[in-house]
Amino acid sequence: MKAKRILVLITVLALSILLAACTQTKQTTDTQTSTDTNITTRVIEHAMGQTEIIGEPKRIVILTNEGTEALLELGVKPVGAVRSWTGNPWYSHIDKDMEGVENLGDESQVNIEAIAALSPDLIIGNKMRHEKIYDQLSQIAPTVYSNTLRGEWKENFAFYANVLGKDSEGKEVIKKFDDRAAEISSLAGDKLKTELSIVRFMPGKTRIYLGDTFSGKILKQIGFARPASQQSEEFTVEIGKERLKEADGQVMFYFTYETGNGEGSAREKEWLEDPMFKTLDVVKNNKVYKVDDAIWNTAGGVKAANLMLNDIEKFLNSDIF
């Protein structure tokens, strides 16, 4: 009789253990199902069509300089990025933030093999730069493209923020920039009437920068006047010395694209020392100022935009206007 009771107790205990195990298995399965259900899928409209992004990308590759600045400003460090146009390999104003990021070659000639080796889960490029390699990149990972560059840094920034699922953060970044630009405009007062000329020296080229440029759009937002010859909403105009008068203004800001071979600096020196250049009113009035090419033009991103505001504020607090 006693043995029978012991057998019953053993049977009950075994059934209890089995039931607990089954319950735990069910709970684990339910949790996994719930987790899977929470994975979000978004369809991004972009310059090349539509791309589905599943979940939150962690290994992001960015293929433009201004895009790199956008990601950093939004708190996202890419696993790979194209090198800065100047720098070794990054601009000095982002160098510390880019530690450990893989250099993927030039913006205009990216290293596709290096991109694939990073096993990214999202690639962000630009139609103007990378249209021909879209299909190749799409075979590596979901790929989205912004449409253009030049003066469109705000539009591109909003696009990147949307791709990353950070729309609200992106809007706040742009609001802070716009608010500060408005403050600077208010600070400038009548100085906004000063006609600002923007000139760039490059290897074998001299250009006037017009409305559809990075610096041109920022100066316009603040409200600065431009010389009559520079009020176009086009990108740039290349000039020879016979057209030097078009570079004149009440104040001239110039920047030089120098990659290290000395060609850009040689162009700058040749033009600044030319007797024809010295006949410009802005030169006679000693109102010619050199600014950083990366900040005023080449980087083209949100970090550079804010640093350009720093420069403008310093100039307004000086006696150049």
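Close placement of the Y254 and F201 rings is indicated, their centers lying within 6.0 Å of each other. For F253 and F315, the ring centers sit closer than 6.0 Å to each other.
Between the side chains of R180 and N310, at least one donor-acceptor pair of N or O atoms lies under 3.5 Å. Between the side chains of Q250 and E195, no donor-acceptor pair is found at a separation under 3.5 Å. Of the N and O atoms on the side chains of S146 and Y160, at least one donor lies less than 3.5 Å from an acceptor on the other residue. Residues K220 and Q231 bring no donor and acceptor atom of their side chains to less than 3.5 Å of each other. Of the N and O atoms on the side chains of E69 and H93, at least one donor lies less than 3.5 Å from an acceptor on the other residue. Judged purely by distance below 3.5 Å, without hydrogens or angles, the side chains of E258 and S265 pair a donor atom with an acceptor atom. H46 and T51 form a side-chain donor-acceptor contact under 3.5 Å, judged by distance and modelled atom types alone.
Remark: F321 pairs with F224 by the ring pair (Phe, Tyr, Trp, His ring centres under 6.0 Å) rule, at least two apart or across chains. With sequence neighbours excluded, the residues forming a side-chain contact (heavy atoms from CB on, under 4.5 Å) with S108 are W85, D106, listed by chain and number. Listed by chain and residue number, nothing satisfies the salt bridge (charged side-chain N to carboxylate O under 4.0 Å, His left out) test with E263 (two or more places apart in sequence, or in another chain). By the salt bridge (charged side-chain N to carboxylate O under 4.0 Å, His left out) test, E273 is found to be paired with K269, residues two or more places apart in sequence or in another chain being considered. Not counting sequence neighbours, T213 has no partner by the side-chain hydrogen bond (donor to acceptor under 3.5 Å, both in side chains) test.
Judged purely by atom type and a 3.5 angstrom limit, E313 has no side-chain atom pairing as donor or acceptor with the backbone of I184. No donor-acceptor pair under 3.5 Å is formed between the side chain of R42 and the backbone N or O of G55. Under a 3.5 Å cut-off, the side chain of S197 and the backbone N or O of G249 do not form any donor-acceptor pair. S229 places a side-chain N or O within 3.5 Å of a backbone atom of E246 that can act as its donor or acceptor partner. Side chain of Y145 to main chain of H130: a donor-acceptor pair is present (N/O by atom type, distance under 3.5 Å, no hydrogens or angles). Here the side chain of N111 pairs no donor or acceptor atom with the backbone of L104 at under 3.5 angstrom. Within the 3.5 Å criterion, the main-chain N or O of T148 finds a donor-acceptor partner in the side chain of N126. Of the possible donor and acceptor atoms, one in the side chain of N65 sits under 3.5 Å from a partner among the backbone N and O of R83. D248 places no side-chain N or O within 3.5 Å of a backbone atom of L244 that could act as its donor or acceptor partner. Of the possible polar contacts, none joining the E169 side chain to the L74 backbone as a donor-acceptor pair under 3.5 Å is found.
Minimum heavy-atom separation, F214 to I295: CE2-O, 3.2 Å. A141 and P120 get closest at one heavy-atom pair: CB-O, 3.3 Å. Taking both residues in full, the closest heavy atoms of R226 and L196 are given as NE-O, 2.8 Å, listed atom of the first, atom of the second, then distance. Looking at every heavy atom in both residues, W90 comes nearest to D95 through CD1-OD1, 3.6 Å. For the residue pair K217 and D212, the shortest heavy atom distance occurs at CE-OD1, 3.6 Å. Between N103 and P89, the shortest heavy-atom distance links the atoms ND2-CB, 3.8 Å.
The pair K241-E270 meets the salt-bridge criterion, since a charged nitrogen lies less than 4.0 angstrom from a carboxylate oxygen.
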query = Between K154 and E66, is a salt bridge (charged side-chain N to carboxylate O under 4.0 Å, His left out) present by the stated rule, with each step listed?
reply = CA-CA 10 Å; K154 280 189 182 181; E66 46 88 45; over 6 Å; no
request  = Could you go through the salt bridge (charged side-chain N to carboxylate O under 4.0 Å, His left out) check for D281 and K287 one step at a time?
outcome  = CA-CA 9 Å; D281 290 337; K287 296 293 185 179; over 6 Å; no
query = For K58 and E56, what are the C-alpha separation, side-chain angles and deciding distance, and is it a side-chain contact (heavy atoms from CB on, under 4.5 Å)?
reply = CA-CA 6 Å; K58 301 294 185 183; E56 181 181 351; 3.6 Å; yes
message = Working note: K171 + D167, criterion salt bridge (charged side-chain N to carboxylate O under 4.0 Å, His left out); need CA distance, chi angles, decisive distance, verdict.
response = CA-CA 6 Å; K171 289 177 182 177; D167 292 281; over 6 Å; no
request  = Test side-chain contact (heavy atoms from CB on, under 4.5 Å) on I140 and I123 and set out the steps.
outcome  = CA-CA 9 Å; I140 298 172; I123 300 170; 4.1 Å; yes
key: Derivation and outcome, salt bridge (charged side-chain N to carboxylate O under 4.0 Å, His left out), residues E99 and K77   = CA-CA 9 Å; E99 185 177 352; K77 188 173 186 177; 5.9 Å; no
task = Would you please test I174 and D178 for side-chain contact (heavy atoms from CB on, under 4.5 Å) and show each step?
result = CA-CA 6 Å; I174 295 300; D178 289 342; 3.5 Å; yes
query = Where do V82 and I62 land on the side-chain contact (heavy atoms from CB on, under 4.5 Å) test, with the steps shown first?
reply = CA-CA 7 Å; V82 291; I62 181 71; over 6 Å; no
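Under the 4.5 Å side-chain heavy-atom criterion for ILVMFWY residues, no single connected hydrophobic cluster contains both W271 and I198. Connection of I53 to V61 is not established within any shared hydrophobic cluster, with ILVMFWY side chains joined at heavy-atom distances below 4.5 Å, either directly or through further cluster members. Under the 4.5 Å side-chain heavy-atom criterion for Ile, Leu, Val, Met, Phe, Trp and Tyr, W153 and F235 are members of distinct hydrophobic clusters. Under the 4.5 Å side-chain heavy-atom criterion for Ile, Leu, Val, Met, Phe, Trp and Tyr, V283 and I239 are members of the same hydrophobic cluster. Hydrophobic clustering (side-chain heavy atoms under 4.5 Å, transitive across Ile, Leu, Val, Met, Phe, Trp, Tyr) keeps V79 apart from L164.
Cluster note: L149 groups with M128 through ILVMFWY side-chain heavy atoms spaced under 4.5 Å, whether in direct contact or through intervening members.
Below 30°, between 30° and 60°, or above 60°: for W296 and F255 the angle between ring planes is between 30° and 60°, a tilted geometry.
Among the candidates T206, T236, T298, T256, the single residue satisfying the side chain to side chain donor-acceptor pair (under 3.5 Å) test with R200 is T298.
Atom CG in N156 sits 8.0 Å away from atom CG in N147 (nearest 0.5 Å). Taking OG1 of T40 as the start and CD1 of I54 as the end, the distance is 9.5 Å to the nearest 0.5 Å. Atom-to-atom distance recorded for L118:CG and E113:CD is 12.0 Å, nearest 0.5 angstrom. Interatomic distance, CG of L63 versus CG of L137, reported as 6.5 Å (0.5 Å rounding).
Surrounding CD of E238 are more than 12 heavy atoms belonging to other residues, nucleotides or ligands, all under 6.0 Å away. By the neighbour-count criterion of 12 heavy atoms within 6.0 Å, atom CG of N286 is sparsely surrounded, having that number or fewer from other residues, nucleotides or ligands.
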